[in-house]
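Along the sequence shown, the residues carry numbers beginning at 1. Note that ligands are numbered from 1 as they come in the structure, with each ligand's atoms numbered from 1 the same way.
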Amino acid sequence: MSDRQKLYEGKAKIIYPTDDPEVLLAYYKDDATAFNAQKRGTIKGKGEINCTLSAHLFRLLESKGIPTHYIDTPAPDQMRVKRVQIVPVEVIVRNIAAGSLCKQTGIPTGTVLEPTLVEFCYKNDELGDPLLTRDRLLLMKLATPEQLEAIETFSRQIDAILTEFFGECGITLVDFKLEFGITTDGQLVLADEISPDTCRLWDQSETDPNRRVMDKDRFRHDLGNVENAYEQVLARVVARLG
Ligand code: UDP
């Protein structure tokens with residue numbers, strides 16, 4: 001896989017074309033970024049962990065009726081996916097207050113959010129992925145009203161499935177980010193990845209606010225043991241689904 005063949009390189013993945021124009025190969029990197037790429041580093045083994053974890057979670061979601069871009073994993077750090085046009089909206093689903101929500105609203109970290117908050121950000125690094133209103137999103141034609149409704153419905157269903165599943169693993173799903181895409185034949189599907197890079201995951205057996213963190217916040221805030229945390233999430237998921 002040479003540089004020449006790359007279709008696209010993002011912060012955590014490289015996308016390669018395949019012989020089939022409807023199929024792309026996503027290569028998951030160990031590179032980690034935070035704070036809109038102002039902080040950069042490497043999390044050893046992350047590519048394989050996030051790819052394997054995402055594959056398990058995409059299969060779980062598919063089994064519950066959620067359409068995804070997932071096809072299969074030819075290698076532990078490689079995923080074959082359906083070619084999609086990404087909807088340039090990051091969907092943030094929040095069960096418990098953390099991160100930017102607390103900074104922007106003053107809601108204390110750890111507050112249970114009822115009902116679950118579903119928010120939309122504009123996927124645009126130059127602008128810093130700003131929070132969108134529904135009206136702005138529609139005004140900018142980032143999605144049609146029908147697509148937006150389907151995205152919200154799927155996001156709430158995904159939250160219910162993943163909250164229950166992670167709960168069985170002794171992990172609280174605090175919040176997470178989703179991206180959706182449209183396949184060549186017009187189907188809306190879940191895309192990107194679901195991993196400790198894109199979810200906040202708290203170990204239910206820990207009460208200490210630093211010790212309980214099993215996700216990229218360990219890297220963002222230099223909490224140490226980043227690799228161990230990612231490995232632990234994968235081990236618990238594989239123990240249930242593997
Ligand atoms: N998130 C993500 N990519 C982004 C922004 C957020 O995967 O570009 C995830 C993040 O890991 C967390 C959730 O979305 O699980 C909510 O993040 P938040 O808006 O609180 O932003 P942060 O505090 O991470 O800047």
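Between Arg236 and Asp203, at least one side-chain nitrogen of the basic residue sits less than 4.0 Å from a carboxylate oxygen of the acidic one, meeting the salt-bridge criterion. Glu62 and Arg59 are not joined by a salt bridge, as no carboxylate oxygen comes within less than 4.0 angstrom of a charged side-chain nitrogen. A salt bridge links Glu9 to Lys29: one of the charged nitrogens lies within less than 4.0 Å of a carboxylate oxygen. The existence of a salt bridge linking Lys177 and Asp192 is confirmed by a sub-4.0 Å separation between a basic side-chain nitrogen and an acidic carboxylate oxygen.
Nearest to atom 3 (N) of ligand 1 by heavy-atom distance, out of Lys177, Gln104, Lys103, is Lys177. One option in Glu90, Lys11, Glu193, Lys216 has a heavy atom closer to atom 8 (O) of ligand 1 than any other, and that option is Glu90. Looking at Ser100, Ala98, Pro196 and measuring to atom 19 (O) of ligand 1, the nearest heavy atom belongs to Ser100.
Under the side-chain hydrogen bond (donor to acceptor under 3.5 Å, both in side chains) criterion, Tyr28 pairs with no residue, sequence neighbours left out.
The protein heavy atom nearest to atom 24 (O) of ligand 1 is Arg200 NH2, 3.2 Å. The protein heavy-atom contact nearest to atom 6 (C) of ligand 1 is Ile92 CD1, 4.0 Å. Protein heavy atom nearest atom 10 (C) of ligand 1, with residue, atom name and distance: Arg220 NH2, 3.5 Å.
Within a 6.0 Å radius of CD in Gln85, other residues, nucleotides and ligands contribute 12 heavy atoms or fewer. When the shell of 6.0 Å around CD of Glu164 is examined, it contains 12 or fewer heavy atoms from other residues, nucleotides or ligands.
Residue Asp197 approaches ligand 1 through these ligand atoms, each under 4.0 Å from one of its heavy atoms: 7 (O), 11 (O). Numbered from 1 in the order shown, with element, the atoms of ligand 1 that lie under 4.0 Å from a heavy atom of Gly99 read 20 (O), 23 (O). Taking a cut-off of under 4.0 Å to the non-hydrogen atoms of Asp129, the atoms of ligand 1 that pass are 8 (O). Residue contact check: Cys199 has heavy atoms under 4.0 Å from atoms 15 (O) of ligand 1. Numbered from 1 in the order shown, with element, the atoms of ligand 1 that lie under 4.0 Å from a heavy atom of Asp175 read 12 (C), 13 (C), 15 (O), 16 (C).
A heavy-atom separation below 4.0 Å is not found between Glu119 and ligand 1.
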(message) Before you tell me yes or no, could you show the steps for Thr116 and Asn95 under side chain to side chain donor-acceptor pair (under 3.5 Å), namely the whole-Å CA-CA distance, both residues' side-chain angles and the distance that decides it to 0.1 Å?
(response) CA-CA 5 Å; Thr116 293; Asn95 296 306; 2.9 Å; yes
